[in-house]
Structures are given as C-alpha cells and as structure tokens.
Number of protein chains: 2
Amino acid sequence: MKQAKTGAAAPSLPVDEILSGDCIEVMRSLPEGSVDLVFADPPYNLQLQGELHRPDASRVDAVTNDWDRFDSFAAYDAFTRAWLAEARRVLKPDGALWVIGSYHNIFRVGAAVQDLGYWIQNDVIWAKTNPMPNFRGTRLTNAHETLIWASRSQKGRPTFNYEALKELNEGTQMRSDWSMPICTGHERLKDAGGAKAHPTQKPEALLHRVLVATTNPGDVVLDPFFGTGTTGAVARKLGRSFVGIEREAEYRAVAEKRLAKVRPYEGAAIEVSRGKRAAPRVPFGTLVERGMLSPGEELVSLNGRHRAKIRADGTLTVKGVAGSIHKVGAELLGAPSCNGWTYWHFKRDGAKVPIDALREQIRAEMRPS
Amino acid sequence: MKQAKTGAAAPSLPVDEILSGDCIEVMRSLPEGSVDLVFADPPYNLQLQGELHRPDASRVDAVTNDWDRFDSFAAYDAFTRAWLAEARRVLKPDGALWVIGSYHNIFRVGAAVQDLGYWIQNDVIWAKTNPMPNFRGTRLTNAHETLIWASRSQKGRPTFNYEALKELNEGTQMRSDWSMPICTGHERLKDAGGAKAHPTQKPEALLHRVLVATTNPGDVVLDPFFGTGTTGAVARKLGRSFVGIEREAEYRAVAEKRLAKVRPYEGAAIEVSRGKRAAPRVPFGTLVERGMLSPGEELVSLNGRHRAKIRADGTLTVKGVAGSIHKVGAELLGAPSCNGWTYWHFKRDGAKVPIDALREQIRAEMRPS
DNA sequence: AGAGCGATTGAATCAGCTC
DNA sequence: CGAGCTGATTCAATCGCTC
C-alpha cells in the first residue's frame, strides 16, 4: 500500500495555485501519477556555485580548467536529473513532458531525459522572427531555442491533437520548426520601475501551441519553473488547470497578479478539431442491418478494377476470398492493409459513393443534438 | 619529444585521400594538431521498430544498415566519446568541429562535445524545405536536423567568415536556422541498379555554407564518416583539402568516382567578401549554395556589354571591383543604384535568363512556411 | 513543344483495441 | 502478453509519360 510505504496519507494535488519553494522538494510532496503534462523552462547557467541564474542575470565567470568545467557540468547534470526524475514520478503513465532550452543546456537535458526513461516524440525548434543580433559579429545570430517533447515512457500514449495542429498550419501537417516572435510589447511584464519583470519570459503563443497540441480541456499542467506564470495564464485561457512552482517571491507576486486578470475562453472556443480517430466505431454490418446496403449488392473500388459482393453478416466475398471490408480490400490490392471505408464504393444515380458516407450518416444520428 | 612518446616517427597527414577503416583507429594514426576543421555526420542510432508504410500502402525505405545499430545508449555514448576525443586530438588549437544529428542522437553527442572540452559556438538548425511527412499522423513532421559548431576549446579562436556569411544572407547577419532542401534529383548518387548509393547523403549546399563560414582556402577538412564524399566534393570545389575516412568499401568506391569529376572553382571565385552590403529578401548567395549558379560562372547584362564572375559567397567580381549583384551593376553603369536581380543574366541553352527567375523558383519553394 | 498527370521517394524512434 | 483485427494516415519535389 502506498500510504504505508510513504508513511503518510496520500497527498492531494493542489490545483490552480502557485506553490512556493524549490521545485524538487515541492514535487516530492505531490502525488505520483497525477498530472497530464509538465512544461519546464529550467535555468541554464552552468556555474553552479551557490545559486542557479538565468543567462542574462549571470556573470560569466571564466572557467579556467577542465576540472572546473567538469565540476560545473556535473552539478548541472545532478540538478537536471533530480527535477526530471521527480517530474516523471508525478506524471500520469500517458503523460508527457516539454522542456525548452538553448545550446548551453539542452544537450545535457536531452541526454538526461533519455537516460531517465522518457521517450522523445519530437524536438521542436522555436525560430524567433526577431532575435537579438550577435553584436560582436563573432558567431551566427542565435535565432532559435529548442524544445523537447517526450512521453513518460516508450509505452506511454501521450495526447496529440494532430488535426488541431494541422488546422493551425493551414491544412498541412505541423512541422517541427515553429516560427514565432519573442515576447515584447504589452505582453512583456514590467516591474514597478518599468524594467523587465523576468529575464526570459516566453511568448504566450508558444505555450498556446504546446497546450493545444498535447493537452485536452480539464487536463492538469505542472510548471516547476513557473516564473511569471505564462504557462498558468495560457492554461487558464484554454480551460486547463495548472500547478506552478516558483522559488522567487517576486516572480510569484507578478504571476499572481497576472493570473487574477486572466479569463478563460468560452467553452466552445477551446474545442479543437478531432479527426476520425475520436469518432465512435461503427461496424460495417450495421449498414447492412439497417438496410442502407443489401446482401448480394456489389461494391466497387474507385478505379473500378475490383468488385465484391456483400454478405448478410457484413463481410465481403469475391473469387473465393471472404472477410471484412478491410481484409478483402488488402487482399485484392496485395497490400499489407487497406481502409475498406474509403476503398469501397456503392453506386447511386450512376455515381460512385464511398461507403464511408453511410457511416458518417449513422454517426450523425448518434451525436447528441 | 613526441616521437619518443609514441614510439614511432611523427606521422604525416595524407591529404585529399579517402582512408579505409574504422575512423577511431585511423584517426589515431594521424598527427595531432594537424587539421583545421572536422565535419562529422555520425550514425544517428535511430532504433527503428517495424516496417512503415505510406497511406498509399507503399513501403518506406528506412535506414536499417548495420552501421546504425547500437545495443544501448551506453554503447552509443562510448563510441561517440571515442571518436570525438580522437578528432579533438587531431584538430589544431584554433580548429573547429561540426557534427550533425537528429533528436535520436544529438543530445548525447552535444553533451559529449561539452564534456570533452570543446566549446560550443552555435547550434544550427537545418530546416528542410521538403521533409518526409509523418505518415501516421502521430507526431509533428520531423522537418529539421541539428548541427553543433564547436571550437576545440574555450580558448580556441575558430575561423568565422562573418562578412562572407552576411553576404550570403543578403546583407544581414546569418541566423542559426538554415532553410534548405534535402538531397534529391541529380545530386543524389545512385548505384548501378538505380537505388540510392547511400541512405543519408547530405546536400552540397549545406556543406558549402559550413565551409565558407568556418574555413579558408587551403584549409584541411577531416570527415571521419565520409560516406559518398559530399564533404570532399565541396571542399575541393572551394579550394580546401580534405581527409576522408570511410569503413564501407562500397561508399568509398562511389566517393572516389564522384571526386574524380569534381573541378575546383577558379582562384578568384573562392575569395570571400570583406565588405558590406544590405538589401531585400531571397539572398543571391542562396542561388550559389544551391548550385543553381556556380562560383566562377559568368553573369552578363542584357545588352551583353558587361560581364561579372560569381564568387562563393554570392558576391560578383569584375576588374578588381567586388560586391553584391546590385553594387557591381551600379558600378559598371556609373549609376547610383541598380537592381541586380533584373540586370544580371545567366545563359541557358544560348538564351539570356535573368537571375530573378531563379529567385522566383526559390520563393515558390519557400511559400508555404 | 509544353502542360498536365501519375508514380516515386526521402535519417521515421509512426496504432489501438479485443480476446 | 501476444495474436489478430479494425481502420487511420502524407508533403514536396522529381521523373517520365501522355495529350
């Protein structure tokens, strides 16, 4: 029993709150298998003497020899593996992780992700439309950051709203390179003195795409490096719940204020395109039972090359071959598989109509109106 | 003394040759501190499972070669660290490394690069204009690969032709995300049976940009995973020397044949610009990188009165004058300005075609993005 | 001749459910 | 857990053929 093992009552998950403290310790207090998604924007300074710092807040202390370098990489790796392991414990079996970083840290993070048993789905490039130039002209303009999207394990089946992303991309499959501007203007939070409230505030557009792609309404999103709460703000807008962890009181204060102003989009607005995978199953035999097609009637492939006869039990038969609409189609095509719903057609008014049209008719009847 | 330490005479560096054997062992036989650049396209450790079919039931020809199979992450890491360490020994103190990979391996490679004392200058994204789609609709289109550019050490001062890259990018700083098509068509080498000679041949445009950016004419470029010799072919065209190492006899044979046909561009053509320029959208240099026009090739004005030669960085030169297509055109016309895109023509089948036609071709490729 | 159509192909960790 | 069945799913570019 878990309660006996931990020596404490099973903790409950505090939701839509910002938790204060070190994320590794705080995550330890959260129940295992309780969140749908982790989005993390960890610090990436490798100089771990004392505190971790954001890149522009950090002094770049020259590392003079190999031992120092190894020491700081080792410290960063230890920190990275610790929070990734806790995050993995807190994730549901079919949960997923997003981490964002730059070349300073992303390779170490990515290797740790793999070593800890996560399974990478994609790496995604955020190509900035308006990056900061390299003023000294010694390197290329650092115009992108890298995100890693990983399931909790190889067996995990993370949420992926394929159709929704396809729509976001004007009808063609979403690619792994995303072009978006950095966070500026009114979106960029300022402190009382007018300075940036946080050095690395991410654009809401980025989180919007991440959450539309890999969560559903009502899901819980954990952000262990909450900062000024971009993850929470977008989650709330999209009808998701969030759990934020942030160590710095100043950032928590900014985030609280920000979140108080956020209004969720209307219920219908957060629905996304689903595709056929989510539709209810309709056996082909149902069309026969309902008299939409008759036993003995002939189906034909679109090119007219193949014909088969419908039997009373909803199987097809042709030249001694018999079986499901899929199996017979595959057999005739000599293909490993075949979607019978789109392959087979019946004739109506001289035209060929895919049997999928009849299935859609039944599905329409089944929908709550 | 090195000779005493190694117990052998200091080895000399064989240049413009393909060396046969395992790259780790072969590199051990090369003198330390002897090459200017290492470009490496190592196995990606793809870990593919079963077969994959397109929606039209055709089978995808995947990378299932023995050279891409490793028993575990640990085995892959050991291999990676071994070749990276030898490559580092062979590099000059101010030398640099490029490695290309995908999310399957690049995080492990990048962490090893850092651990071994290299110093990352940039990570670079090759965004493919025409990637293979995700046929099952289960993930994002895997539309990019990642390159790491690193100096031998933090103290190293690697070659970086900042101005040349700026010219290649039509006057604005070159970014870390590069958009290029994959290697297809006539550039893609075929074996006797018409099948692809190598499963992962890289486009010459990619190597062109890498070598223009981080080497000078006369430099020596080592490629420990030579394959069909793209690195060698582009190096020779650009007046660089190469050292190729390849284990597979079949690949070596294809590469030898390929290299025998390669002619270096003329001396003046490989000089890169030191000046500055600014202008519109599709950089002229892109036409050069993509092989639509070649360094050394002549452009001519419509009336035939003026001629200029193309250089590797996308600038033109004539009678000691050098600069962008616009600047050189203006100079020759004695005019304050000139639209090089409509002024300059190349010859095809005896007819003069404005280079703008090529720009339009590229724009057509870039449109849906 | 040139437009248009069909076939082919590329570094890919590519399904989910029931029995 | 494995076997077996249902059934969902692709974009850009090149090449070669027909009209």
Side-chain angles (χ1 to χ4, degrees), chain A residues 94 114 118-123 150-151 154-155 157 160 162-163 166 169 171-176 275-279 281-285 303 314-315 323-327 329-330 335-344 355-356 359, chain B residues 41-65 67-70 73 100-106 126 128-146 181-188 190 194-196 198-203 227 361 364-369:
Chain A
D94 286 336
Q114 291 179 311
Y118 290 97
W119 193 248
I120 298 180
Q121 302 286 315
N122 278 114
D123 60 338
S151 54
Q154 186 174 3
K155 283 185 194 161
R157 287 292 166 261
F160 181 52
Y162 174 77
E163 291 287 339
K166 196 169 172 178
N169 198 35
T172 55
Q173 213 169 66
M174 183 66 78
R175 298 166 44 109
S176 56
K276 286 184 180 170
R277 280 190 182 90
R281 295 255 162 152
V282 177
F284 176 68
N303 57 16
T315 56
S324 71
I325 51 173
H326 314 293
K327 196 176 166 187
S337 70
C338 167
N339 184 343
W341 290 106
T342 52
Y343 184 71
W344 293 110
I355 58 176
D356 204 19
R359 179 173 63 163
Chain B
D41 181 11
Y44 286 10
N45 189 25
L46 286 184
Q47 305 178 268
L48 302 178
Q49 311 288 342
E51 289 205 325
L52 178 66
H53 294 87
R54 298 184 182 80
D56 66 4
S58 61
R59 198 181 67 86
V60 174
D61 185 17
V63 180
T64 51
N65 309 61
W67 51 253
D68 197 44
R69 273 206 278 274
F70 295 84
F73 280 138
I100 183 169
S102 67
Y103 68 81
H104 309 83
N105 71 325
I106 199 65
W126 170 27
K128 304 176 184 182
T129 57
N130 50 348
M132 184 160 77
N134 179 294
F135 295 116
R136 305 296 292 264
T138 55
R139 301 181 177 195
L140 303 165
T141 308
N142 203 347
H144 74 275
E145 293 189 27
T146 301
I182 61 176
C183 182
T184 60
H186 289 109
E187 191 186 328
R188 188 84 196 214
K190 305 284 169 28
K196 55 189 173 191
H198 191 285
T200 70
Q201 188 184 339
K202 296 294 177 288
Q361 203 172 314
E365 286 175 24
M366 293 166 66
R367 231 155 253 152
S369 70

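Below, chain A is the first sequence line, B the second, and so on; all start at residue 1. Being a predicted model, the structure only gives us computed values, none of them experimental. All values below come from the heavy atoms of this structure, side chains included, with hydrogens, waters and symmetry mates left out.
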Exercise. Of A/D356 and A/K327, whose closest DNA chain D nucleotide lies nearer the 5' terminus?
Worked result: A/K327

Exercise. For A/S324 and D/dT6, is the shortest distance between a side-chain N/O and OP1 or OP2 below 4.0 Å?
Worked result: yes

For this session: Calculate the interatomic distance between A/N303 atom CG and C/dC5 atom C1'; express it in whole Å.
Result: 16 Å

Seminar exercise, completed: 5'-most contact on DNA chain C (nearest-nucleotide basis), B/R136 vs B/V63, goes to B/V63

Exercise. Nearest to the side chain of A/W341, which nucleotide is it out of D/dA8, D/dT10, D/dA13?
Worked result: D/dA8

Problem set entry | Minimum side-chain heavy-atom gap B/Q47-B/F70 below 4.5 Å | no

For this session: Would you indicate which nucleotide in D/dA8, D/dT14, D/dT9 comes nearest to any side-chain atom of B/T184?
Result: D/dT14

Exercise. Which class fits the ring pair A/W341 and A/F284: parallel under 30°, tilted 30 to 60°, perpendicular over 60°?
Worked result: perpendicular

Problem set entry | Atom-to-atom span, CZ of A/R277 to C1' of D/dA8 - whole angstrom | 5 Å

Exercise. P atom, D/dA8 versus C/dA12: distance in rounded Å?
Worked result: 25 Å

For this session: Kindly say if A/Y162 contacts the phosphate of D/dT10, meaning a side-chain N or O under 4.0 Å from OP1 or OP2.
Result: yes

Problem set entry | Donor-acceptor pair under 3.5 Å, A/T342 side chain vs D/dA8 base | no

Problem set entry | Flag for A/H326-A/S324: side-chain donor and acceptor within less than 3.5 Å | no

Problem set entry | Any A/N339 side-chain N or O less than 4.0 Å from OP1/OP2 of D/dA8 | yes

Problem set entry | B/I182 or A/Q121, whichever maps to the more 5' nucleotide of DNA chain C | B/I182

For this session: Take the protein atom CZ of B/F135 and the nucleotide atom C1' of D/dA12, then report the distance between them rounded to whole Å.
Result: 11 Å

For this session: Could you check how far CG of B/N105 sits from P of C/dA11, rounded to whole Å?
Result: 15 Å

Exercise. What is the nucleic acid contact for B/P42, judged by heavy atoms within less than 4.0 Å: base, sugar-phosphate only, or nothing?
Worked result: base

Problem set entry | Among C/dG10, D/dT10, C/dC14, the one nearest B/R188 by side-chain distance | C/dG10

Exercise. Side-chain contact, heavy-atom cut-off 4.5 Å: B/Y44 with B/I100?
Worked result: yes

Problem set entry | Counter-base of C/dA3, judged by Watson-Crick or G-U geometry with both distances under 3.5 Å | D/dT18

For this session: Scan B/C183 against the nucleic acid and name what it touches under 4.0 Å (heavy atoms): base, sugar-phosphate only, or nothing.
Result: nothing

Problem set entry | Check: B/K128 side chain, D/dA13 base, donor-acceptor under 3.5 Å | no

For this session: Quote, to the nearest angstrom, the C1' distance that separates C/dT8 from D/dT10.
Result: 13 Å

Problem set entry | Phosphate OP1/OP2 of D/dT10: any A/K166 side-chain N/O under 4.0 Å | yes

For this session: Using atom NE2 of B/H198 as one end and atom C1' of C/dG10 as the other, report the distance to the nearest whole Å.
Result: 14 Å

Seminar exercise, completed: Applying the 3.5 Å cut-off to both distances, the Watson-Crick or G-U partner of D/dC11 turns out to be C/dG10

For this session: Would you classify A/I325 as touching base, sugar-phosphate or nothing, given that sugar-phosphate means primed atoms plus P, OP1 and OP2, and contacts are heavy atoms under 4.0 Å?
Result: nothing

Exercise. Reckon B/D41 touches a base, only the sugar-phosphate, or nothing at all at heavy-atom distances under 4.0 Å?
Worked result: base

Problem set entry | Closest to side chain of B/E145, choosing from D/dT10, C/dC14, C/dA11 | C/dA11

Exercise. Is any side-chain heavy atom of A/D123 closer than 4.5 Å to a side-chain heavy atom of B/H144?
Worked result: yes

For this session: Choose from C/dA12, C/dA11, C/dT8 the nucleotide whose nearest atom is closest to any side-chain atom of B/D68.
Result: C/dA11

For this session: Report yes if at least one side-chain N or O of A/R157 is closer than 4.0 Å to OP1 or OP2 of C/dG16; otherwise report no.
Result: yes

Exercise. Would you say a side-chain N or O of B/H53 is under 4.0 Å from OP1 or OP2 of D/dA8?
Worked result: no

Problem set entry | Nucleotide nearest B/R54 (side chain, heavy atoms from C-beta), chosen from C/dC14, C/dG10, C/dA12 | C/dG10

Exercise. Base, sugar-phosphate, or nothing: which does B/G101 touch, judged by heavy atoms less than 4.0 Å apart?
Worked result: nothing

For this session: Count the heavy atoms of every other residue, nucleotide or ligand shown that sit under 6.0 Å from NZ of B/K196, and state whether that count exceeds 12.
Result: yes

Problem set entry | B/E145 with B/K128: basic N within carboxylate O range, under 4.0 Å | yes

For this session: Report yes if the side chains of A/K276 and A/D356 come closer than 4.5 Å at any heavy-atom pair, otherwise no.
Result: yes

For this session: Measure from the side chain of B/H104, starting at C-beta and using heavy atoms only, and say which of D/dT10, C/dA12, C/dA11 lies closest.
Result: C/dA12

For this session: Please work out if A/P283 contacts a base, only the sugar-phosphate, or nothing of the nucleic acid, heavy-atom cut-off 4.0 Å.
Result: nothing

Problem set entry | Atom pair distance, as rounded to whole Å: CD in B/Q49 and P in D/dG2 | 13 Å

For this session: Could you work out which one of C/dA12, C/dA11, D/dA13 sits closest to the side chain of B/L46?
Result: C/dA11

For this session: For nucleotides C/dA11 and D/dG7, find the distance between their P atoms and express it as a whole number of Å.
Result: 34 Å

Seminar exercise, completed: note: B/N142, atom CG; C/dG10, atom P; distance rounded to Å ~ 16 Å

For this session: Would you mind telling me which of C/dC14, D/dT9, C/dA11 lies closest to the side-chain atoms of A/E163?
Result: D/dT9

Seminar exercise, completed: From CD1 of B/I106 across to P of C/dA11 the rounded distance in Å is 16 Å

Exercise. Ignoring hydrogens and angles, does a donor from either the side chain of A/R281 or the base of C/dG16 sit under 3.5 Å from an acceptor on the other?
Worked result: no

For this session: Go ahead and name the base partner of C/dA15; Watson-Crick or wobble counts if both distances stay under 3.5 Å, otherwise write none.
Result: D/dT6

Seminar exercise, completed: Taking for A/G340 and for B/M132 the nucleotide of DNA chain D with the nearest heavy atom, the one nearer the 5' end belongs to A/G340

Problem set entry | OP1 or OP2 of C/dA12 under 4.0 Å from side-chain N/O of B/R59 | no

Seminar exercise, completed: With the side chain defined as heavy atoms from C-beta on, A/H326 is closest, among D/dT9, D/dG7, D/dA13, to D/dG7

Exercise. Any side-chain heavy atom of B/H53 within less than 4.5 Å of one from A/S337?
Worked result: no

